Every structure is written in C-alpha cells, then in structure tokens.
Protein chains: 2
Amino acid sequence: MKIPSSSIPRISLYYRAILSLEAVSVTSSQQLATLTGCSAAQVRKDLAYFGQFGRPGSGYNIEVLKSELKKILGIDRKWEVALVGVGNLGSALLTYRGFKTQGFSIKCAFDNDTKKVNKVKQGIRIKDIDELERTVKSKGINIAIVAVPRGAAQGVIDRLISSGIKAILNLAPIRPRVPKGIELLNIDLSIELERLTYFLRQSANPLRG
Amino acid sequence: MKIPSSSIPRISLYYRAILSLEAVSVTSSQQLATLTGCSAAQVRKDLAYFGQFGRPGSGYNIEVLKSELKKILGIDRKWEVALVGVGNLGSALLTYRGFKTQGFSIKCAFDNDTKKVNKVKQGIRIKDIDELERTVKSKGINIAIVAVPRGAAQGVIDRLISSGIKAILNLAPIRPRVPKGIELLNIDLSIELERLTYFLRQSANPLRG
DNA sequence: TAGATTGTTAATCGATTAACAATC
DNA sequence: TAGATTGTTAATCGATTAACAATC
C-alpha cells in the first residue's frame, strides 16, 4: 500500500500527543485529533496504514499505540548522528536537548576551521573535516546533519554519502543533488520566511510598517 | 484562482536560481527546471498562476522575472523581524547572514533570562521579555521567530499576537494554537529527523549500526 | 519559414474527507 | 441492548503532469 509521505510527520505528532497522556490508558481518534489539530478521520486513516491498533467501541490502548508508533517511526532504538559544521547553527544543534529525548545522539562533529578543531563542546571533541570519512565509516553512522555555509554544502554531502550516510538533514540554503536511495530533507529558513511574507503581501489585513 | 500552497516555496527556489544567472538575460522553464529539480511544466504552471511573464519561443527575461518574483514573495521591501528566545538556537539565528541577503532584518530580541538581558549580540541589545508588547507595537513589526523552550512557546506566541504580530516562524517543538488570520509555520527538527528514521527503517538497504 | 517555448486545458495522480458497516 | 468508536470504502478535493495550440 502506498503511504502518503505527509502522514509520517503526523505520526510524530500523534506520538508526542500520547506522551502527554500518561495518566490514562486509552485514547481515541477524536482525542488525538483535538491534541494535534488533525481530523479524527485523518488520525484513523494514518494509523490504519500501518495496522489495526485500536478496538471499535473503545479506542486505542496508549501503551500499545506508543510502542507501535515508535516502531513505525524507527525510534524504538537509538540513532547516532554526525554533525558537519559547528558554527552558530551547528553549535545550537549540538546543545539542543530535544534530540536526546527522541533517541537521537550527535556522536561526532566536524569543522574545517582549525580554531574550532579539537575544541570540546557538549562532550564532543570537534574533528577536522578530513577525518569525516574515516570516523563516519568506523562508527557506522547512518544520519548526518549539515550546517555548513552554502558554498561548502554540496561537497560535504558528497563526502557524507561516499562515507555511507543514508539520510541527511540539510540546513544549508541549497538543494543538493543526491543519488537515489539517499533520503534528503532540506530546511531553508529564508524560504520559510518568504512563505510568511508571501502571506503578509496577499493578506487583506491592513499591514503596519 | 486558487494557488497551491506548495508552489510558494518553489517560487523561492526559482528566484534563487535566477540570482545565479547574472551573465545571461533570458532563461526558460527548462533551465529553471534543471536548476531547481522541478519539472519544466511545473515551473510554467507556477509562474502562470501569477501572470504572463514569458514570451513563447524565447523564454523569460531575467530582470523582469526577478522583479516579478520578488513582488510575489513580498521581498521587494525590507522586513523587520522580532526574535524571542536568545538561547543557542536564537543566537544562531541572530548571527545568520542568510536572512539579511533576502531582505530580512532581526530588529529586536527578547529573553526572560536576566543574565542575557541588556547584553548586546550582533548589534542588538537583548530586551527583557516584559518589553515585548511595547517594543513590537511601537516598531510596527509583523513577523516573529520563536526560539524558546517548549513550555514557554504558547505563552510567547499569545503575547506576540496580542502585540500585532501577523506571521510567526515557530521553532519550538509544539503545535501552537493561533487565531485565524495569523500565519504560523512550524519547524520541528526532531520531527524532521523522525522522517529520516522512518525512511531508514523502511529502507531495503542493509543498514549498518 | 522553421524551431523554440510559452500559457492553458485536460488527464492523471495522490491525499483528504465523509460515511457507515462491523465491532466492542 | 444501546452507545461508542474503529477500520475501510467511496467521494471529494487539490496538486502535478502531459499535451498542444498560440506565439515569437
């Protein structure tokens, strides 16, 4: 069955929602809908793509659902992540505690700035970019976050892929080329801001400023 | 005419693509397609939502297109942005140079940590969160970026809205409630990483680690 | 004129919503 | 049993792709 790609981030939302429901043992598509801003039909549809987790008449057992959603999302295990680029944004990601609570752990960090190399941040000794291939291969890391300047991004991503990285979260403002079979997600903050200004421009509201 | 919301970030991509084409005076939907990874039909469709910018047989004049796309995206002017939360992520955004090149300028920054208040970063004196309403109102700012911890996010967003903010980029890992007419975009890095682990989990590739 | 390329319409594809029989 | 709620099918909606007449 074809699963809409848009259903995956919603599964993450449902998972977070049930984490906030520790006191009860059962929930419903309606409750999950209210908690996440999705429709109840959407919740049931999304869950049904992956199995029959509920009981008609009573709803979804929270412990069952929690465990199933973790399996679906692949977070029923720890994942080690490589970070490339320890500038302002990279440093922020290194200290971001939200990753750890979801089972992600930044295990190594690289930069090409010799002033940063060998400095320790959050218990991670920053490595020279030259050590990227060796380290990623030897640690068997599958996921990388790229937080380097625009001009360096494609080169870094090529090197990550040749080191065996299979999934990349790219924060540099380019659309890198990657071969088939590599999962790439781009987060471009300026593009997001432009979605906002498009809206403000269209808006009927009399804008100030 | 109804414009698909997914076409807006593509317009941003086309705009960036033509910025890299300074040497030539004309481009085509095929060239923009190659540069952005979209299809040529998609490029023409997206542009046609907003007007007739090209000439059959010859293509799109770059200067004309550049100016039209800026107008569409609302970046034919400067925008002042308020930043709430000057932790690691907020500091990174304050120093991010990519915003300025697209016409965005972080004009004020707030934090509730008295150790940070009155410190100057990137030429911005960090203000106490208590000054949020007064400052945003008096400066007539329409856009805010929220980079506070999960627990503080909804409260901050409520206050931003009551100060007149119309568009919010939220980086805290919650889905805030906002009234109709307020544009909200959520960027949740853990959810993005979970899209990657979903893919790795599904992947036929024998994964290492 | 011949070749190129747009803008637009129709066809396809994919995702969401609504409805409801089956189940507890 | 009556009320609640799932899982699934069908209907709707929206976005993308293909095709091509019109234009330069």
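A quick note: this is a predicted structure, and the numbers were derived from the prediction, not measured. Sequence lines set the chain letters: A, B, ... in the order given, protein chains first and strands last, and positions in each chain run from 1.
Backbone-only contact: B:S29 has heavy atoms under 4.0 Å from sugar-phosphate atoms and none from a base. Using a 4.0 Å heavy-atom cutoff across all strands shown, A:F50 reaches no nucleic acid atom at all.
Taking the side chain of B:S28 as heavy atoms from C-beta on, and the options C:dT8, C:dT16, C:dT6, the nearest nucleotide is C:dT6. Here the side chain of A:R55 is nearest to one of C:dT6, C:dC24, C:dT17, namely C:dC24. Of all nucleotides listed (C:dA15, D:dA15, C:dG7), D:dA15 comes nearest to the side chain of B:S6. Counting only heavy atoms from C-beta on, A:Q42 has its side chain closest to C:dT17 among C:dT17, D:dA15, D:dT8. Nearest nucleotide to the A:Y60 side chain, out of D:dT23, C:dT16, D:dT6: D:dT6. Picking from D:dG7, D:dT23, C:dA18 the nucleotide with the shortest atom distance to the side chain of B:P56 gives D:dT23. Of the listed nucleotides (D:dT8, C:dT23, C:dT9), D:dT8 has the atom at the smallest distance from the side chain of A:K45. Counting only heavy atoms from C-beta on, B:R44 has its side chain closest to C:dT8 among C:dT8, C:dT16, D:dT16.
Scanning both residues, A:G85 and A:D111, for their nearest heavy atoms gives C-OD2, 3.7 Å. Heavy atoms only, all atoms of each residue included: A:G74 and A:R77 are closest at O-CG, 3.7 Å. Taking each heavy atom of B:L132 and B:S163 in turn, the nearest pair found is CD2-OG, 3.5 Å.
Along DNA chain C, the nucleotide closest to A:G57 and the one closest to A:D46 are compared, and the more 5′ of them pairs with A:D46.
With rounding to whole Å, A:Q30 atom CD is found 12 Å from C:dA18 atom P. If you take CD of B:Q31 and P of C:dA4, they are 16 Å apart, rounded to a whole angstrom. The nearest whole Å value for the distance from the CG atom in A:L32 to the C1' atom in D:dT5 is 13 Å. Atom CD1 in A:I11 sits about 15 Å away from atom C1' in C:dA15, given to the nearest Å. Across the protein-nucleic acid pair, A:N61 atom CG and D:dT6 atom C1' stand 14 Å apart, rounded to whole Å. Going from atom CG of A:L47 over to atom P of D:dT8 covers 12 Å, rounded to whole Å. As rounded to whole Å, 12 Å separates atom P of D:dT6 from atom CD1 of A:I62. As a whole-Å value, the separation of A:F53 CZ from C:dC24 C1' is 19 Å.
C:dT23 is paired with D:dA4 under the Watson-Crick or G-U wobble criterion, all donor-acceptor distances under 3.5 Å. Across all strands shown, D:dT16 pairs with C:dA11; the Watson-Crick or G-U wobble distances both stay below 3.5 Å.
Under 4.0 Å is where a charged nitrogen must lie from a carboxylate oxygen, and between B:R16 and A:E194 at least one such pair does. Salt bridge status for A:R201 with B:D76: present, with a side-chain N to carboxylate O gap under 4.0 Å. Taking the charged nitrogens against the carboxylate oxygens, B:E183 and B:K166 have no contact shorter than 4.0 Å, which rules out a salt bridge.
When the side-chain nitrogen and oxygen atoms of A:Q52 are compared with OP1 and OP2 of D:dT8, one or more of them lie within a distance under 4.0 Å. Residue A:S39 places at least one side-chain N or O under 4.0 Å from the OP1 or OP2 atom of C:dT17.
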